[in-house]
Amino acid sequence: MSATKKSRNDEKLKPVRPSGKTDDTIFDLIYAIARQIPRGRVTSYGAIAKAIGSGKSARIVGWAMSNAGRVKPKIPAHRVVNSMGLLSGKHAFKTITYMQELLEREGVKVKNDKVMDFKTKFWNPLEELF
DNA sequence: GAGATGACTTGCA
DNA sequence: ATGCAAGCCATCT
């Protein structure tokens, strides 16, 4: 039967972990939020964690973001920084400067791997989505 | 199944 | 204010 023939494209719509598993749940939620980050805005892992209802699972958010690069559609992971506005995940990009380039391209000034006016450009999923 | 790791956050000294 | 430790959840070895 060709039932086993699944579209590889469909599988790519799900996060691909190093193990090759795709049966995720919170990952999808995280990506759903991350994709809704407005251009030129940034948010923190903790904020997304709260938005998905895990509050303290900020680590999982960051971990999920590491997979974001292999997930389709692509996730604007460069808009996600830590609570201090630091580009903690820049090293996950092709180049450690690529994340900063993307942010500056969107109008977000970055200095010393830190988002300038972070408090102003901060996008709270709980408030904006609510 | 246990131990260690991680793009984090918060609290206390 | 700077620095260290604990907590947190999912994944990896």
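Chain letters run A, B, ... following the sequence lines, proteins first, then strands; residues in each count from 1.
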Measure the shortest side-chain to side-chain distance between [X] and [Y] over non-hydrogen atoms and say whether it is less than 4.5 angstrom.
X: Val61(A); Y: Trp63(A); answer: no
X: Lys109(A); Y: Asp117(A); answer: no
X: Val110(A); Y: Met116(A); answer: no
X: Phe93(A); Y: His78(A); answer: yes
X: Thr43(A); Y: Ile33(A); answer: no

Show each protein N/O and nucleotides 1-4 of chain B N/O combination with a separation under 3.5 Å, one pair to a line.
none

Might you list the N or O atoms of the protein lying below 3.5 Å from N or O atoms in nucleotides 6-10 of chain C, with each pair's distance?
{"residue": "dG7(C)", "atom": "O6", "partner": "Arg59(A)", "partner atom": "NH1", "Å": "3.0"}
{"residue": "dG7(C)", "atom": "O6", "partner": "Arg59(A)", "partner atom": "NH2", "Å": "2.5"}
{"residue": "dG7(C)", "atom": "N1", "partner": "Arg59(A)", "partner atom": "NH1", "Å": "3.3"}
{"residue": "dC8(C)", "atom": "O2", "partner": "Arg59(A)", "partner atom": "NH1", "Å": "2.9"}
{"residue": "dC8(C)", "atom": "N3", "partner": "Arg59(A)", "partner atom": "NH1", "Å": "2.4"}

For the pair [X] (side chain) and [Y] (backbone), establish whether a donor and an acceptor sit closer than 3.5 Å, ignoring hydrogens and angles.
X: Tyr45(A); Y: Ser83(A); value: no
X: Ser57(A); Y: Ala49(A); value: no
X: Asn82(A); Y: Leu86(A); value: yes

Please find the pair of heavy atoms, one from Ala77(A) and one from Ala68(A), that lie closest to each other, and give the distance.
CB-CB, 4.2 Å

So, taking the atom named OH in Tyr31(A) and the one named CD1 in Ile48(A), what distance separates them when rounded to the nearest 0.5 Å?
11.0 Å

Residues that Thr95(A) engages under side chain to side chain donor-acceptor pair (under 3.5 Å), provided they are two or more places apart
Thr97(A)

Please list all pairs meeting salt bridge (Lys or Arg N to Asp or Glu O under 4.0 Å) that have one or both residues in residues 78-93 of chain A, counting only residues at least two apart or in different chains.
Arg79(A)-Glu106(A), Lys90(A)-Asp113(A)

Taking DNA chain B as the partner, which of residues 80-93 of chain A come within under 4.0 angstrom of it by heavy atom?
Val80(A), Asn82(A), Ser83(A), Ser88(A), Gly89(A), His91(A), Ala92(A), Phe93(A)

Ordered by number, residues from residues 97-112 of chain A within less than 4.0 Å of DNA chain B (heavy atoms) are none

Do Tyr98(A) and Val81(A) share a hydrophobic cluster, counting only Ile, Leu, Val, Met, Phe, Trp and Tyr and linking them when any side-chain heavy atoms are less than 4.5 Å apart?
yes

Looking across every strand, which nucleic acid part, if any, lies under 4.0 Å from Ala77(A) by heavy atom: base, sugar-phosphate, or nothing?
base

Ile30(A) has an atom CD1; how far is it from atom C1' of dG6(B), in whole Å?
13 Å

